[in-house]
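Inspection log for the structure reproduced underneath, given as structure tokens.
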Amino acid sequence: MSASTTEEKNERMQRLAAVRPRLVSFARLQLRDLAQAEDAVQEALIAAMEKNDSFQGRSGYETWVFGILKYKILDSLRAQRRQGSWQPWEDEPDEDAIDRQFKQNGRWEEAARPSSWGDPEAAFVSEHFWRVFDMCMLALPDNTARIFSLRELMGLSTEDICRETGIKENNCWVILHRARLRLRACIERGWLSESS
Amino acid sequence: MMIRMMICKEITKLMSRRLDTSLTLQERLALHMHIAMCGACRECNKQFELLHLTGHEYQNLILDTDTASGSSDTPEA
């Protein structure tokens with residue numbers, strides 16, 4: 001077992017410093033609290049440095065650190081839930097924002113009709129898209145955002161989400177549907193307004 | 001077999017649930033039929049699919065940070 005050289009360690013430290021802001025934004029979308037997000041990232045980075053020697057190879061270093069962060073985020077979410085710092089599920093804002101997208105007869109309201117976002121690849125490489133995405137995520141009601149993040153950012157199955165959050169799978173699908181509709185409306189406003 | 005025509009709002013529920021679990025054959029048929037005829041729902045479906053990829057893309061974004069910004073000023077030996 002060859003321990004990493006000092007030079008390698010320094011290089012990795014620099015790489016960690018470079019990804020840190022993005023890691024914090026990622027954690028914040030889920031934890032809904034900047035200080036807690038910074039703590040989670042801090043813990044992940046410390047764990048990465050401590051376990052530095054157990055990481056082999058260099059290309060997947062950030063991926064490895066990101067994996068550690070995901071665990072830390074899950075830990076923090078569990079702690080939040082234990083401490084009762086989540087709003088009761090029933091308090092989540094009503095369906096107004098969603099109902100506004102549809103007419104009485106269930107068809108799209110003219111103003112809310114989805115239009116094309118263009119090439120997804122172009123969206124994903126656009127800084128502007130990600131700013132809008134972050135902004136729209138932060139605008140979601142907290143519990144809705146947590147469920148969406150667990151599913152779409154962390155990649156948990158709805159079954160696992162039920163275990164983590166104590167809600168029923170059916171409820172989970174309802175929340176995800178609302179989250180997606182709210183996000184699509186918000187992103188469409190922010191994304192198309194500037195890119196067109 | 002009669003497939004009831006579903007309205008847009010109901011169809012978006014299927015669009016969403018499809019990304020989390022498998023739909024019944026009938027639900028899939030209803031979804032496809034509706035999407036084939038309704039442009040707005042077609043776009044909505046694409047948007048949901050795009051949102052479904054954000055986790056993966058967000059990760060790429062994070063992992064690209066240091067290579068893209070060239071923050072590491074020590075060139076590879």
Side-chain angles (χ1 to χ4, degrees), chain A residues 7 10-11 14-23 25-26 29 60-63 65-66 69 98-99 101-103 105-108 112-117 120 123-125 130 133 137 148-149 151-155 157-159 161 169 172-174 176-181 183-184 187-188, chain B residues 4-24 27-28 30-31 33-77:
Chain A
E7 205 173 308
N10 285 342
E11 197 220 313
Q14 280 180 9
R15 284 162 67 171
L16 290 184
V19 297
R20 193 176 178 283
R22 294 233 202 239
L23 296 178
S25 325
F26 181 81
L29 295 183
Y61 187 61
E62 281 84 358
T63 312
V65 174
F66 192 62
L69 176 64
I98 289 147
D99 286 335
Q101 295 188 43
F102 297 96
K103 295 182 199 154
N105 66 10
R107 295 181 193 279
W108 294 97
R113 270 179 81 85
S115 38
S116 173
W117 290 0
F124 289 138
V125 297
W130 289 108
F133 177 78
M137 280 292 292
F148 179 85
S149 304
R151 176 76 191 107
E152 301 290 45
L153 298 183
M154 306 281 265
S157 67
T158 44
E159 222 180 339
I161 294 173
E169 200 168 22
C172 197
W173 290 327
V174 172
L176 284 168
H177 173 238
R178 288 187 204 170
R180 287 174 177 132
L181 277 178
L183 274 175
R184 69 142 294 271
I187 291 173
E188 184 155 316
Chain B
R4 189 169 64 91
M5 268 307 288
M6 285 178 144
I7 51 166
C8 304
K9 191 176 176 183
E10 282 180 89
I11 285 293
T12 63
K13 287 184 189 166
L14 295 185
M15 268 178 216
S16 175
R17 198 150 50 80
R18 182 179 73 96
L19 301 171
D20 307 312
T21 186
S22 43
L23 300 180
T24 66
E27 288 170 328
R28 277 156 57 197
L31 179 61
M33 276 174 53
H34 186 105
I35 281 181
M37 289 180 301
C38 174
C41 283
R42 205 151 50 232
E43 290 305 331
C44 184
N45 191 45
K46 282 192 219 159
Q47 293 173 3
F48 280 9
E49 284 173 352
L50 182 143
L51 289 174
H52 193 56
L53 294 174
T54 46
H56 180 249
E57 295 294 331
Y58 209 108
Q59 176 163 345
N60 283 346
L61 193 74
I62 289 171
L63 309 184
D64 276 353
T65 307
D66 83 325
T67 42
S69 67
S71 61
S72 160
D73 44 16
T74 39
E76 303 276 324

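Below, chains carry the letters A, B, ... as their sequence lines are ordered, and counting in each starts from 1.
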Residues which pass ring pair (Phe, Tyr, Trp, His ring centres under 6.0 Å) with F133(A), listed by chain and number, not counting sequence neighbours: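 If we apply the ring pair (Phe, Tyr, Trp, His ring centres under 6.0 Å) test to F133(A), skipping adjacent residues, the hits are W130(A).
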At a 4.5 Å cut-off on heavy atoms, which part of [X] comes close to chain B: side chain, backbone, both, or neither?
| X | answer |
| --- | --- |
| S157(A) | neither |
| E7(A) | neither |
| S115(A) | backbone |
| I187(A) | side chain |
| N105(A) | backbone |
| L29(A) | side chain |
| R151(A) | side chain |

Do T54(B) and E152(A) have side-chain N/O donor and acceptor atoms under 3.5 Å apart?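 Judged by distance alone, the side chains do not pair up.
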Just so I know, are the side chains of [X] and [Y] near enough to count as touching, which here means a heavy-atom distance under 4.5 Å?
| X | Y | value |
| --- | --- | --- |
| M137(A) | L153(A) | yes |
| E159(A) | C172(A) | no |
| N60(B) | F124(A) | no |

Among the listed options G39(B), A40(B), C38(B), G55(B), the residue most often paired with chain A at heavy-atom distances under 4.5 Å: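 Between G39(B), A40(B), C38(B), G55(B), the count favours A40(B).
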Please classify the contact between [X] and chain A as side chain, backbone, both or neither, with a heavy-atom cut-off of under 4.5 Å.
| X | result |
| --- | --- |
| L19(B) | both |
| Q59(B) | both |
| K46(B) | neither |

With sequence neighbours excluded, residues passing side-chain hydrogen bond (donor to acceptor under 3.5 Å, both in side chains) with E27(B):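 Testing E27(B) for side-chain hydrogen bond (donor to acceptor under 3.5 Å, both in side chains), a comparison that skips the adjacent residues, returns R17(B), T24(B).
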Please determine if E188(A) and R113(A) form a salt bridge, counting it only when a charged side-chain N lies under 4.0 Å from a carboxylate O.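 Judged by the 4.0 Å cut-off on N to carboxylate O distance, E188(A) and R113(A) do not form a salt bridge.
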Whether F26(A) and Y58(B) hold their rings parallel, tilted or perpendicular, with breakpoints at 30° and 60°: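 Tilted: the ring planes of F26(A) and Y58(B) meet at 30° to 60°.
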Using a 4.5 angstrom heavy-atom cutoff, name the option from P120(A), S116(A), A179(A) with the most pairs to chain B.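 Heavy-atom pairs under 4.5 Å are most numerous for S116(A).
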